[in-house]
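A quick write-up on the structure given underneath.
Within every chain, numbering begins at 1; the chains are lettered A, B, ... in the order of the sequence lines, protein sequences first and strands thereafter.
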Amino acid sequence: MNTAAAAPGRSFRRLPEDIMNIGLPEELLHLEAVRSLHQGLGRLYPEVRWHHSQPRRSEAPEVIISEGDACFPFKKTIRTSCSLAGRADALLVPRLVRLDGYLMCPNFRGLPDLVALNLERSSSEPRRPPLISPLIDEQGPGGRRGSLKQAMEALSGTLGLEPQLDPALALTEASNPEDQSTACPGKGCIALLGHPYMLGDKRLNSRIPEIIRSRGYRTITPESVPFARLDRLASERDYYAKTLYWRFARETLGGYIYFSREQPVSGIIFLVSFNCGLDALLRVELAALHRRSEQPVPLLTHVSDEHTQQEHVVTRIEAFLDILDGLPHA
Amino acid sequence: MHEIFLGIDVGSVTTKVVALSRDLSLLDSVYLRTFGNPIRAVAKGLERVKTSHPNIQVAAVATTGSGRTLAAKLVGTSLVKNEITTHTLAAVHILPEVQTIIEIGGQDSKIIIVRDRLAVDFAMNTVCAAGTGSFLDQQAGRLGLDVEELGRLALTSDNPLPISGRCTVFAETDMIHKQQVGESEADIVAGLCRSLVRNYLATVAKGKRLAAPLVFQGGVAANPAIVREFERQIGQPLTISPHFGVTGAYGAALLASRSEEEQPPFRGFELLERNFHIESFLCGECEEGCSVLCLYRDGDCIAHWNDRCGRYSAADHPGATGS
């Protein structure tokens, strides 16, 4: 399903220097599954040059389809994907359906379709490379390995690439660019909760991790804890008519319980995006848990796209850190 | 010459300057409308302080408010603090046993929970200015009243009318409708004050425990009808800060008095003699597209800020990062 699709009528064209350029939007790389896929493909096809970020602002293309009420991270991912189209021989936009057995939100499931639609309707984009969208559905027997296989076959078939080693050896656990130890030396740790792209993307998180670190705190995320453990903690709250079946909702909820009870940190900041329904639900849930706690770890919920002025972001984060520092007011 | 500590609070609507003596007694306070020109507002504030007290020397200065970074560049200080912390400093200094601070300013409203003289929790309004001073100001203007009159008029009403407080647009629609059907102006503005307080408690305080004693500060504390409504809805008396209009600047001045860091020489009075202006440009180096600001003094760019990555501001002061 959708292994190599979209952008009909376009054929692959190699760049003059004969180096294969593949675009994979940076927002998705904050998801461990996609990072793992990317690193596996890097081992299989070492000759490929990867592109992830949007170009300079002035060169970014207009996105035609507004995607209605979708959240800002989703819109940004579409924009990044479209901007990569001009520089890449192929776009890799995985169709993320289920991770670790839990669902991704419908927007991200439909991401390849929206990217394809935008590319198709964009009149300003003369080059439309093939869009490769391997299915990542970690429920069935194939799982992450199956999606790597699909992506590899698509790259071989569409672009004529030959793998450099046995695909079974290519896929290992993804390494994280950030140090993910759980030690909290110095002033302590601030746990950041939220969707991985909110935690990792500077534009989406308004550089909050940098502000925190500049004040001497270490930032820590749920990725440092095995998901199975977070999932078990989240299941304590499975009393709804339906259990919380979104992958990153379980990670966030489990992360909150972990960092407030199992390994208490100095403070917790929940980074949310305004239009995310999942985040709206979790805000209420975390606030309820926080209120009920006898010794609550200070919690701040920050709606990133409610602030266009960086000063307003700094005000809230700095005030939160002042509280943690116990700045004497008397 | 006697030494003073200065606090400057550049807010969205007003700019405040407070001067404290060495013994922390209030020497002077200035409250001005910013009118979208913070450089001129800061200059005017400093001019008033200097004119009233010609023999002063500024020992330390701190800035706060949404224009705090600009103000710090103008006067030359590294003491730049968020409003939550400065408002807490001021409230605790004035009433050490304070437990809850309610602050409503021009476009900000905050609640700060204090225990043992330390802030332990806070919340602020977000993108919506419903229930802030500028909303009251705008509605007073629409009714042809001064904002000060609005509170006094509301106090004469025994029958506050239901007005939507969740959104300024809906509130205005409600008020216009009630005017059209002939309701009294006093009942309408009393209803407005009631809805503002209801909105604050629902969207800013959001169920936080409002323990006594409560201190009310910020420009809106001047409105007696809002005070009455808070006391009615919370069921507890409020202490109005004696410096309610300038508490942010007051807290900043207190912060300046505690600073042990060596500060650069105060250059705020240069504002009265030299030509300062700001120019901005849109950085295109990445997708963030920061609007980078540059402060010019007599035609020379002396400081950059508002560049999130620090590309420009770090070059002003090697080793520093942008804000």
Is the count of non-hydrogen atoms from other residues, nucleotides or ligands lying under 6.0 Å from [X] atom [atom1] greater than 12?
X: D116(B); atom1: CG; value: no
X: R215(A); atom1: CZ; value: yes
X: F281(B); atom1: CZ; value: yes

**Study point:** Set of residues satisfying salt bridge (Lys or Arg N to Asp or Glu O under 4.0 Å) with respect to R283(A), sequence neighbours excluded
**Key:** none
When rounded to the nearest 0.5 angstrom, what distance separates [atom1] in [X] from [atom2] in [Y]?
X: F320(A); Y: N82(B); atom1: CZ; atom2: CG; answer: 13.0 Å
X: K202(A); Y: C309(B); atom1: NZ; atom2: SG; answer: 8.5 Å
X: T315(A); Y: R68(B); atom1: OG1; atom2: CZ; answer: 3.5 Å
X: Q309(A); Y: N306(B); atom1: CD; atom2: CG; answer: 6.0 Å
X: I323(A); Y: D121(B); atom1: CD1; atom2: CG; answer: 6.0 Å
X: W305(B); Y: Q310(A); atom1: CH2; atom2: CD; answer: 15.0 Å

Practice item. Start with the C-alpha distance between R308(B) and S206(A), add both sets of side-chain angles, then the distance that settles side-chain hydrogen bond (donor to acceptor under 3.5 Å, both in side chains), and finish with yes or no. Key: CA-CA 8 Å; R308(B) 290 176 187 172; S206(A) 309; 5.4 Å; no
Practice item. Sort I211(A) into side chain, backbone, both or neither according to what part of it lies under 4.5 angstrom from a heavy atom of chain B. Key: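 When you check distances to chain B, no heavy atom of I211(A) falls under 4.5 Å.
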Review point. Hey, which of E318(A), K76(A), H312(A) has the most heavy atom pairs under 4.5 Å with chain B?
Key: E318(A)
